[in-house]
Amino acid sequence: MENDIHSLYESLEAAESDREAAKIARELKKAGEDNPTIDLCLLSAKNFATPLKAMRAYRRARNKYRASMPEKLANTTEDDYSSDEVDYLIIQSCLARLALEAGDLKTAEKEAKEELDLSVDFPSGALLILGSIYFAAGRKKELRELRSLYPEDNALFVLSSLLKFAKDKDVDALRKRLIKANFFLYLILFGVCTFSKALVSVSESGEASIDDHSLYAADYLLKSLRHAGCCTCSLFSEITRLAPKERERFLADPVNKAALSLLASFFEGDLDSGLKRKEAIAFLMKEGLDEKKARKVLSRLLRAEILYKDGSSLYVGNDGTALYLVP
């Protein structure tokens, strides 16, 4: 019996879909196993009609372990977290996110603060939620205090940059800070280009952290601001009013134009098939670059992890900035 349970846990780790994981989790439940990992597998496989229904389900799952898990987390460092402890934190983080999506900002703030109390080493989701709520409500002091406690957090860096822009309207400073924080966010906020929901869902499927430099991270931050009550349309309008010709300025540099066209070809094509290095160089040359410059652009995209190599093909990566692309 013990070997059977061990085998089920191994199968759970190797599961390739939510449906497969949920099936194995149900078998573990029947065998008497009960922990946050199993509950999280069952929750993630369900389709909830509304965030409120999902919140109730996640809250029931959390309450089963609430008597013992917080104490365990208090006596464990991040490097030593068990899978059960990590999944309990994910359940807690999901509660904060779902409350935000439901527009229940009071509960979202409460759940996010509880997540921080449970683990100061594992806080990215909570920081984005709290930062978005503080920014949207104009709670500048609390946002600054949060940023001072977590100076390395990328999402808080972006929110602090937007807060500074709202105060001094320095569009050049905002441009530099956004390019440093998330190149895709710069492209969106400055109106250089937009990305369809389909592209964001492709990026989201790549296991991207919400604190990285990916398209998913940019989209997630903007969604969080909207859920928190921030009018992002007004923010876009104010930025484009102060930088009305950003797209033209950006595309005036042939390197920028060629590199952005190459990224677009990845997003618009079959992402599974990738692109051979020679094909990428040929594409850039068709866009007007000589071979030496095309190779240089491709190398920089790879070094920045905007593209990555797997075997003989290139693919769009989840992470990376593109400082060199901007004149």
Is there a side-chain contact between Ile38 and Asp87 (heavy atoms, below 4.5 Å)?
no
Is a donor from one side chain sitting under 3.5 angstrom from an acceptor on the other, for Tyr65 and Asp34?
yes
Taking C-beta and beyond as the side chain, do Leu43 and Phe48 meet within less than 4.5 Å on heavy atoms?
yes
Do Val297 and Ile281 come within less than 4.5 Å of each other through their side chains, counting heavy atoms only?
no
Taking the side chain as C-beta and beyond, is there a heavy-atom pair between Glu109 and Glu114 under 4.5 Å?
no
With a cut-off of 6.0 Å (strictly less than), are more than 12 heavy atoms of other residues, nucleotides or ligands near NZ of Lys164?
no
Under a 4.5 Å side-chain heavy-atom rule over Ile, Leu, Val, Met, Phe, Trp and Tyr, are Leu127 and Phe157 clustered together?
no
For a 4.5 angstrom cut-off between non-hydrogen side-chain atoms, does Asn182 reach Leu221?
no
CG of Asn47: more than 12 outside heavy atoms within 6.0 angstrom?
no
Heavy atoms from other residues, nucleotides or ligands near CD of Glu13 exceed 12 (cutoff 6.0 Å)
no
Please say whether the positively charged group of Lys169, taken as NZ for Lys or CZ for Arg, lies over the ring of Phe165, i.e. under 6.0 angstrom from the six-membered ring centre and within 45 degrees of the axis.
yes
For the residue pair Phe190 and Tyr186, categorise the inter-ring angle as parallel (less than 30°), tilted (30 to 60°) or perpendicular (more than 60°).
tilted
Is there a donor-acceptor contact under 3.5 Å from the side chain of Asn154 to the main chain of Ala181?
yes
Answer yes or no: are there more than 12 heavy-atom neighbours, outside Glu10 itself, under 6.0 Å from its atom CD?
yes
Take a 6.0 Å sphere around NZ of Lys64 and say whether it holds more than 12 heavy atoms from other residues, nucleotides or ligands.
yes
